[in-house]
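These notes concern the structure reproduced below.
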Amino acid sequence: MKKIICIFLYFCFCISNGQVKRFIYEYEFIPDSIKSKNISKEIMFLDIIDNKSEFYGYQKFQIDSTIIADAKKGLFSMPPNREFVDYRIKKNITSNEINLITGSHLYEISDRRRQEWRISNETDKVLGYSVQKAELDFAGRKWVAWFSKDIPIQDGPYKFHGLPGLILKMQDSTKSHNFIIKGIFSLSENEMIYPQRDNDKIIKVNEIEYKKLYTEYRNDPVKNLRGRMPDQTDENGNFISGEQALRRSEAAFKKRLNADNNVIELDLLKKKFQIFINH
C-alpha cells in the first residue's frame with residue numbers, strides 16, 4: 001500500500017505537457033541585525049516545469065511588469081524607493097545549474113558551489129506533509145531544512161536544492177531568514193512567463209566578478225545613474241534638477257544599504273570570498 005501511495009504522489013507532482021507547479025512561500029527576514037524586531041515579509045513563487053525552476057518575489061514580478069508596460073507606452077519609470085526582494089533564481093535540476101539574476105543591468109551569475117546536506121532521521125509535519133530534517137552550511141550561514149519525500153522534486157526556495165524531496169521549510173541558525181510553504185497550485189506554461197523587455201541584455205559574470213560588482217554597488221549605489229537622471233518635478237510641482245534628484249537617490253540608497261547588513265549570503269559582505277567548485 002505504501003508503494004502504491006508513493007507512485008500516486010509521484011504522478012500527482014509529475015510536471016509535463018506545459019503544466020507548471022507553483023509553490024508559494026512566505027519569506028520572513030531581518031534586514032538589519034541591529035534591529036532584530038524589524039521583520040520584513042515577502043511572498044515568493046517557486047515555479048517548476050519539467051526539470052527547470054524559477055524563484056522570485058511577487059513584488060518584483062509586479063514592479064517589473066509595470067516598468068515594462070510603461071516602456072511600451074514610451075514612458076520611463078523606475079522601481080519604487082522601498083525594500084523588496086530584487087533577484088530571481090533559475091535552476092536546472094537535471095544539470096545542477098543555478099543562476100542568480102539581479103541588478104538593474106540584469107547580471108546573471110552562475111553558482112557552482114556544492115551543497116553538502118546532512119540528513120537526519122528527525123521528522124515533522126508541514127502543511128500536512130511529512131517532512132524530514134536536513135542541515136547545510138552555505139554562503140556564511142548554517143541552515144536547517146525540512147523536505148518532503150511525498151513531493152519528489154529536488155528543489156526548494158532560493159538556491160537550495162538536491163534533497164530527495166521538495167524543501168517546504170527552511171531557516172538559518174540565527175533565525176534571520178525563514179522560508180515556509182503556504183500553498184501549491186497548477187498553472188499553464190503561459191501563466192508563468194516572467195516579464196522581460198525585448199531589448200533587455202543579460203550580462204553573464206562569474207562569482208568573483210559578481211563579488212566585485214556587488215562591493216562597488218554598496219560603495220556607490222547610484223554609479224550607473226550619474227549623468228542619466230532627468231530633470232523632474234516633485235509631487236507639489238516643484239522643479240528638481242537631475243543632479244538634485246541624483247543626490248536624493250544616493251542618500252536614500254546609502255541609508256537603505258547601511259541598514260541592509262544581514263543579507264542572505266553573508267559571504268558577500270566579507271573581505272575574503274571563497275568559492276568551492278566541483279570540477
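In the displayed structure, N121 atom CG is contacted under 6.0 Å by at most 12 heavy atoms of other residues, nucleotides or ligands. Residue K90 places its NZ atom among 12 or fewer non-hydrogen atoms of other residues, nucleotides or ligands, all under 6.0 Å distant.
Across D172 and R141, no two heavy atoms sit closer than the pair OD2-NH1, 2.8 Å. What you find for A134 and W117 is that their closest heavy atoms are CB-CE3, 3.8 Å. The two atoms that bring L163 and A145 nearest to each other are CD1-CB, 4.3 Å, heavy atoms only. Pairing each heavy atom of Q132 with each of S120, the nearest pair is NE2-O, 2.8 Å. In this structure, P164 and Q154 approach most closely via the heavy-atom pair CA-CG, 4.4 Å. Heavy atoms only, all atoms of each residue included: I153 and I48 are closest at CG2-CD1, 3.7 Å.
Without hydrogens or angle criteria, D32 side chain to I34 main chain gives a donor-acceptor distance under 3.5 Å. Looking at S148, its side chain never comes within 3.5 Å of a backbone N or O of V131 through a donor-acceptor pair. Under a 3.5 Å cut-off, the side chain of Q62 and the backbone N or O of Q59 do not form any donor-acceptor pair. The closest donor-acceptor contact from the side chain of N219 to the backbone of T215 lies under 3.5 Å. Of the possible donor and acceptor atoms, none in the side chain of W146 sits under 3.5 Å from a partner among the backbone N and O of K125. The main-chain N or O of L257 is found under 3.5 Å from a side-chain atom of R218 such that the two form a donor-acceptor pair. Between the H177 side chain and the K175 main chain, no donor and acceptor come within less than 3.5 Å of each other. In this structure a side-chain-to-backbone donor-acceptor pair under 3.5 Å is present from Q115 to H161.
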Taking it one step at a time, do D137 and E116 satisfy side chain to side chain contact (heavy atoms under 4.5 Å, CB included)? CA-CA 8 Å; D137 297 333; E116 299 179 345; over 6 Å; no

Determine, stepwise, if the pair S241 / D231 fulfils side chain to side chain donor-acceptor pair (under 3.5 Å). CA-CA 4 Å; S241 70; D231 295 338; 5.0 Å; no

Test side chain to side chain donor-acceptor pair (under 3.5 Å) applied to K21 and S186, step by step: CA-CA 5 Å; K21 284 292 183 185; S186 294; 2.9 Å; yes

Carefully, step by step, assess I184 and I151 under the rule side chain to side chain contact (heavy atoms under 4.5 Å, CB included). CA-CA 11 Å; I184 301 171; I151 306 178; 4.0 Å; yes

Evaluate D267 against K211 for salt bridge (charged side-chain N to carboxylate O under 4.0 Å, His left out), listing each step before the verdict. CA-CA 9 Å; D267 282 353; K211 166 64 174 176; over 6 Å; no

Candidate pair L127 and K182, rule side chain to side chain contact (heavy atoms under 4.5 Å, CB included), full reasoning: CA-CA 7 Å; L127 203 67; K182 291 295 183 179; 6.0 Å; no

As a quick check of understanding, evaluate side chain to side chain donor-acceptor pair (under 3.5 Å) for E97 and S95, giving each step before the final call. CA-CA 5 Å; E97 293 178 19; S95 61; 3.3 Å; yes

Would you check, one step at a time, whether the test side chain to side chain contact (heavy atoms under 4.5 Å, CB included) holds for K91 with D155? CA-CA 9 Å; K91 304 190 197 93; D155 209 333; 2.6 Å; yes

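A 4.5 Å side-chain heavy-atom check between M44 and V85 finds at least one atom pair inside the cut-off. By the 4.5 Å heavy-atom criterion applied to side chains, L168 and F23 are not counted as neighbours. Inter-residue side-chain proximity for R22 and L46 is flagged as unmet; no heavy-atom pair is nearer than 4.5 Å. In this structure, P157 and I167 have side chains that are in contact, with non-hydrogen atoms separated by less than 4.5 Å. Counting only heavy atoms from C-beta outward, the side chains of L136 and F160 approach each other to under 4.5 Å. Using a 4.5 Å cut-off on side-chain heavy atoms (C-beta onward), T123 and S130 make no contact. I89 is not listed as a side-chain neighbour of N99, based on a closest heavy-atom distance of 4.5 Å or more. With a 4.5 Å cut-off on side-chain heavy atoms, S176 and N262 count as touching.
Among the candidates Y56, Y158, Y214, the single residue satisfying the ring pair (Phe, Tyr, Trp, His ring centres under 6.0 Å) test with Y87 is Y158. Of the options L213, L100, I208, a side-chain contact (heavy atoms from CB on, under 4.5 Å) to I109 is made by L100 and by none of the others. A ring pair (Phe, Tyr, Trp, His ring centres under 6.0 Å) with Y58 is found for one member of F45, F84, Y25 and no other, namely F45.
No continuous path of hydrophobic side-chain contacts links V144 to L266 [ILVMFWY only; heavy atoms under 4.5 Å]. Connection of I98 to I264 is established within a shared hydrophobic cluster, with ILVMFWY side chains joined at heavy-atom distances below 4.5 Å, either directly or through further cluster members. No path of Ile, Leu, Val, Met, Phe, Trp and Tyr side chains, each step under 4.5 Å between heavy atoms, connects I39 with I180, placing them in separate hydrophobic clusters. Taking hydrophobic clusters as Ile, Leu, Val, Met, Phe, Trp and Tyr residues chained together by side-chain heavy-atom distances below 4.5 Å, M170 does not share a cluster with I30. Hydrophobic cluster membership is shared by Y107 and L268, with clusters built from Ile, Leu, Val, Met, Phe, Trp and Tyr side chains linked at under 4.5 angstrom.
Look at K52 and D50 and you find no salt bridge, because none of the NZ, NE, NH1 or NH2 atoms lies under 4.0 Å from a carboxylate O. Ion pairing of D64 with K60 is present here, as a side-chain N (NZ or NE/NH1/NH2) and a carboxylate O approach within less than 4.0 Å. By the 4.0 Å N-to-carboxylate-O rule, K41 lies close enough to E28 to be salt-bridged with it. For D124 and K133, the salt-bridge test fails: no basic side-chain N is under 4.0 Å from an acidic carboxylate O. Using a cut-off of 4.0 Å between Lys/Arg side-chain N and Asp/Glu carboxylate O, K254 and E250 are scored as salt-bridged. Look at R226 and D220 and you find a salt bridge, because one of the NZ, NE, NH1 or NH2 atoms lies within 4.0 Å of a carboxylate O, short of that distance. Checked for salt-bridge contact, E265 and R113 meet the test: a charged N lies under 4.0 Å from a carboxylate O. Look at E135 and K142 and you find no salt bridge, because none of the NZ, NE, NH1 or NH2 atoms lies under 4.0 Å from a carboxylate O.
Aromatic ring centres of F138 and W143: separated by at least 6.0 Å.
We find the CG-NZ distance between L106 and K204 to be 13.0 Å, quoted to the nearest 0.5 Å.
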